[in-house]
Structures are given as structure tokens and as C-alpha cells.
Amino acid sequence: MSGPRMPALFVGHGSPLHAIEKDHWSEGFASLAKLVPRPSAILSISAHWFIGGTYLTGEARPQTIHDFSGFPQALYEIEYPAAGCPALAARACDLIGEDRAALNTQWGLDHGTWSILRWMFPQADVPVVQLSIDRNLSAREHLALGSSLAPLREEGVLILGSGNITHNLPDAFGRMRAKNEDTPSWARQFDNAVTDAVSGRDDPVLASLWPDTENGRLAHPTPDHFFPLLYVYGATDERDTASFPITGFDLGSLSMRSVLFS
């Protein structure tokens, strides 16, 4: 695999419904494809593969996983038939260290990955490997793991993180039920703090925002949707500038900010 040095991209994916509804957010996802060169393959870090270890999907044909409940039937009928890339999975495993990562053929592509990619690459013609998030690692360890993946950008691979910069679902669902989509101060403050940290390349601050700040704990009762950003940021360096092609809040407190490093 080869090509130009690829950008690295974090996307706030929000509700699974954005995968089937043409709305402000899904139109934003589609527009992201114009901001990156066509990759030779994609390494996706999704908030929804948050387990006790670091694994990479090793299948040649990963399954489409419908990891949600209570949604319209149309959402369960979606298939995203992108090929896998066992060579990329093995390469990433080698970069991370075979003592710290392994291949896995029991997962596939979950909605954190395909709800974005079906808009960015609707033909599903770019191979995709998904990387799990080890719940046992600290924020600093996730940053370091992301850094080990940086050479993939020189090999034409798009490193894609999918989560949300704020993700307090009880708060968001409460606002939805109350028909109150006002954004609380803690959500705006945390979103701004993350923006400042990635723009200023302040690694220590970024790694300390969860769980070391009150706003961070409010924004993320669990860190699964925050950590994908750390992998993406970790794979960047001083040559990169952060831009924010998608911004705003869904359901009041759910930040949909995307971050492009290029």
C-alpha cells in the first residue's frame, strides 16, 4: 500500500439514524470524502468496540454489525460490504507490537464505522480494518498507541476515529423527551477545551480532560466515545493542522464535531 501522506480524521457519529436519514449530519459525513485523498485502505477506531484488549479485524470479508436496538427495521437491513485487508491488520498489529495486539475474526464493522463510511464511500470500495479500544488502558496509553500507528499515513491509509467529543446519553435522551435542545454549559466548555487542546497540540491537557476534569466526567460517563479522538490525534505530529469541518450539537448535548488533521 502506498500513496500520499494521508490526513487523519475524527468524526462525531451521533445517532445510528444518521446512517439512513439524509440530514444536516449525514450530508456533513458525505462532504468529508472531498477533504481527503482517496485512501488505499481505512483503519477505523470505533467507540463501539470497547473491550478488554487491542484487536484488529483480520477477515477478508468483515460482517456488518448492527450493534443497537429499538431502531427502525431499515437500519438493521443495511449492509456495508467493504472488503477487509488482512495485510493492513497484520501491519498495524506489528506496529503496535504483537505482545500488545492480536488479530480477531469474531467482530467486523460496527455502526460507528459504517454509519460514517456509507456516506463517505457509498460504493464500499475501500478496504476497511477496525481496531478495538482496550478499556484497561489510560488516556495517555491510548495516545501512545495511536502514535505507533502514524507510519500507516505514509502508506496511503486513512486513520479514522468515530465517537463523539461529548457523549452523555442520559442527558441527551432527557433533553429529547423534554423537547429541550439547549446545550448545557458543561458540554460547550468541554467541546471548547478539546478544540483548544488539539489546535494547540497540548498533549498533556488532552490526555487529562477525561477523567481528570468535572466537565470531562459529565461529557463522558464512560470514555468509549472520547478515546477514538486520542488514537487519531496520536497519529499526528507538528506538521499537522487541525480543522473542524463539522461542528454543532445534536440532542442538545451531543457534540458532532469532526476534526481533520492535515
Side-chain angles (χ1 to χ4, degrees), residues 1-14 18-20 22 24-47 49 56-65 78-96 108-131 146-163 198 228-229 231-237 239-247 256-262:
M1 294 177 286
S2 62
R5 181 176 185 263
M6 292 295 297
L9 177 64
F10 171 82
V11 182
H13 66 247
H18 301 314
I20 58 173
K22 190 168 185 180
H24 173 73
W25 306 117
S26 62
E27 289 175 356
F29 302 157
S31 72
L32 295 172
K34 301 173 184 176
L35 303 180
V36 300
R38 183 175 177 82
S40 58
I42 296 166
L43 179 67
S44 175
I45 305 97
S46 164
W49 198 16
L56 295 119
T57 54
E59 307 98 319
R61 289 289 171 184
Q63 63 178 316
T64 302
I65 297 174
I78 289 177
E79 293 292 324
Y80 189 75
C85 187
L88 171 58
R91 169 71 170 139
C93 190
D94 182 61
L95 288 170
I96 296 168
L109 306 182
D110 61 48
H111 84 271
T113 293
W114 57 256
S115 66
I116 301 299
L117 292 184
R118 75 183 307 261
W119 293 104
M120 287 186 69
F121 301 103
Q123 300 304 312
D125 52 358
V126 179
V128 183
V129 170
Q130 195 167 307
L131 171 67
S147 180
S148 71
L149 298 169
L152 296 177
R153 297 178 61 195
E154 307 288 350
E155 300 167 17
V157 176
L158 175 64
I159 297 176
L160 171 71
S162 177
V198 299
L229 173 65
Y231 282 75
V232 174
Y233 177 87
T236 69
D237 57 36
R239 291 175 289 173
D240 293 295
T241 299
S243 60
F244 307 98
I246 301 172
T247 61
M256 296 293 287
R257 183 180 297 275
S258 293
V259 189
L260 178 68
F261 297 94
S262 59

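Model, not experiment: these values are computed from the prediction.
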Ring pair (Phe, Tyr, Trp, His ring centres under 6.0 Å) involving Tyr231 - partner list, sequence neighbours excluded: His142

Please identify each residue that fulfils side chain to side chain contact (heavy atoms under 4.5 Å, CB included) with Ser243, with sequence neighbours left out.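 Ser243 satisfies side chain to side chain contact (heavy atoms under 4.5 Å, CB included) with Pro245, Leu260 only.
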
Are the side chain of [X] and the backbone N or O of [Y] linked by a donor-acceptor pair below 3.5 Å?
X: Ser40; Y: Gly156; result: yes
X: Arg153; Y: Ala235; result: yes
X: Trp49; Y: Leu109; result: no
X: Trp119; Y: His18; result: yes

Contacts of type side chain to side chain donor-acceptor pair (under 3.5 Å), residue [X], not counting sequence neighbours:
X: Arg118; value: none
X: Ser26; value: Asp23
X: Ser162; value: His13
X: Arg239; value: Asp237

Please assess Leu117 against Leu160 for the test side chain to side chain contact (heavy atoms under 4.5 Å, CB included), listing each intermediate value before the final yes or no. CA-CA 10 Å; Leu117 292 184; Leu160 171 71; 3.8 Å; yes

Option passing side chain to side chain contact (heavy atoms under 4.5 Å, CB included) with Ile159 (candidates Leu9, Thr236, Ile45):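 Considering Leu9, Thr236, Ile45, a side chain to side chain contact (heavy atoms under 4.5 Å, CB included) with Ile159 is found only for Ile45.
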
So, Thr113 and Gln130: side-chain donor and acceptor under 3.5 Å apart, yes or no?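 Looking only at side-chain atoms, Gln130 and Thr113 do form a donor-acceptor pair, the distance falling under 3.5 Å.
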
